[in-house]
Number of protein chains: 2
Amino acid sequence: MRAIDIRQSPDTRERILDAAESLFVEYGFEATSMRQITGRAGVNLASINYHFGAKEALIQEVFRRRLTWLNRERLNALERFEKEAKGAPLKPHQIVEAFFGVSLRMAADTEQGGHTFMRLLGRTYTEPSAFVRQFLADEYAAVVPRFKQALFRSLPDVPPEEILWRFHFMLGAMSYAIAGTDALQLVAEYELDEKDPGALARRLMPFLLGGLRAPLAEAPAKPREKGPRRAV
Amino acid sequence: MRAIDIRQSPDTRERILDAAESLFVEYGFEATSMRQITGRAGVNLASINYHFGAKEALIQEVFRRRLTWLNRERLNALERFEKEAKGAPLKPHQIVEAFFGVSLRMAADTEQGGHTFMRLLGRTYTEPSAFVRQFLADEYAAVVPRFKQALFRSLPDVPPEEILWRFHFMLGAMSYAIAGTDALQLVAEYELDEKDPGALARRLMPFLLGGLRAPLAEAPAKPREKGPRRAV
DNA sequence: GTATGATTCAAACAACTGTTTGAAACGAGC
DNA sequence: GCTCGTTTCAAACAGTTGTTTGAATCATAC
């Protein structure tokens, strides 16, 4: 038996995780077989079950090894801004930077596989599989309330549910952009500069902030206030 | 043999398509088996291959029967605005309304299955499978250039690639919102009102327009102009 | 009635799925 | 040298996959 939390034969483990990560991006979880993974990793078929137990556990580990780090980075960035602010509410652009800026920087890393992982993560946000959804919710459980609170403080005049919906929309815009499918062949002719890691961020961040700070729509049924209100 | 384009036994065909559509939303293409589909539809296993040929063809037909209509509606809306404008460029909000408004109205239809389909479509935008991607690109081939042209005319001062990227982001925000996964459990406590079909549109449309019209970021390497420019 | 073509059906097909097995190989401690 | 726990390996497991088959059923036209 393998003792828990002791990483023996790191080569095999890491090779499996890397192979699985890239194959999941290319074909999805269901369409990727254990034989494909072990084939690309150059290891024996049984080694996945030996090291991880089952395919589901492998999928979770593919996420955990990077997502834990990513979310800690997001919290670090948020806390850095909060320390600077000395108790004052953060600016919306700081909160957006802490959450999405960190993601975009990881997505810009083509060396350590951060790019591949972020593409995978972007796709997985719309994954139907129940256990993946539950796993993602758990991984984000520590991060979401912190960002919620920061946003509520930052935008005290905007209804909380409106803020959350806009955060929701921002997440969609980013994950789709990072996933990089371009299903409509919209930007196919304007490929991102591989050598410029900040290219996507420079395009996306203004869009996100513009959406977050857009004027609120008029109330539908109960028109308490006339005319659009500024969100920020 | 079944003669092409003659719909015999419409019941079986439609039942298969409806069952497949809902199952694809729940479990994805790969994870949904033919036996699940025929089971839910209450038809014989072989009837899928009889009526559609293969699973891939069934998937395509699930999309085609609704997507063709949806894209025609989008073009109709665009042409209606263009007729009103009498040669003048459209307003950005009209273009956004023609493309995304139509989608959101279809997503609000819980009676005829439009809601289910739009959730499926939202997920499929990030689908890895090559043949699905190609199929989507083909289905949109007639629509995309028309909206591109309208946007370029509407925003003559914004670089074309910037416009396309923002359209790309808007598509991501909408499809994620419609897919309704809420991976981060962000808006779980603020469920949309089932009886109010326009609820999502009233939240999303201002966000999209705010993003589209956000100030442009400064140029990175070659700073031709100082300071942010207004996109609109 | 019979004939004809479309559709349905139960059964089987080969190929592939994730997982398990038990033996073989390895590596460090003595 | 030997031992012991870890890791690798080829082979097999039972179950599921999409697809095919050939006979049975149905509907329509004569």
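Proteins get letters first, then strands, A, B, ... in listed order; numbering begins at 1 in each. Small disclaimer: the values here were computed from a predicted structure and weren't measured.
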What is the distance from CD1 of I16(B) to P of dG18(D), rounded to the nearest Å? 14 Å
Atom CD1 of I59(A) to atom C1' of dG18(C): distance rounded to whole Å? 12 Å
Nucleotide dA12(C), atom P - distance to CG of N49(B) in whole Å: 18 Å
Rounded to the Å, how far apart are F52(A) CZ and dT19(C) P? 13 Å
Is the distance from OP1 or OP2 of dT6(D) to the nearest side-chain N or O of H51(A) less than 4.0 Å? no
Under a 4.0 Å heavy-atom cutoff, the residues of residues 33-48 of chain A touching DNA chain D are R35(A), N44(A), A46(A)
In whole angstroms, the gap separating P of dT17(D) from NZ of K55(B) amounts to 9 Å
List in chain and number order the residues that pass salt bridge (charged side-chain N to carboxylate O under 4.0 Å, His left out) with R72(B), two or more places apart in sequence or in another chain; answer none if no residue qualifies. none
Tell me the salt bridge (charged side-chain N to carboxylate O under 4.0 Å, His left out) pairs involving residues 120-148 of chain B, sequence neighbours left out? E189(A)-K148(B), R64(B)-E139(B), E79(B)-R146(B), E82(B)-R146(B)
Protein-nucleotide distance (E30(B), atom CD; dG18(C), atom P), rounded to Å: 11 Å
What residues form a side chain to side chain contact (heavy atoms under 4.5 Å, CB included) with I163(B), not counting sequence neighbours? L151(B), F152(B), L155(B), V158(B)
Enumerate the salt bridge (charged side-chain N to carboxylate O under 4.0 Å, His left out) contacts for residues 25-38 of chain B, please, sequence neighbours excluded, ordered by first and then second residue. E26(B)-R40(B)
Whole angstrom value for the distance that separates P of dT17(D) from OH of Y27(B): 12 Å
Sorted by chain and number, sequence neighbours left out, salt bridge (charged side-chain N to carboxylate O under 4.0 Å, His left out) with R65(B) holds for E14(B), D18(B), E21(B)
Scan side-chain atoms only and decide if Y50(A) and R13(A) contain a donor-acceptor pair under the 3.5 Å cut-off. no
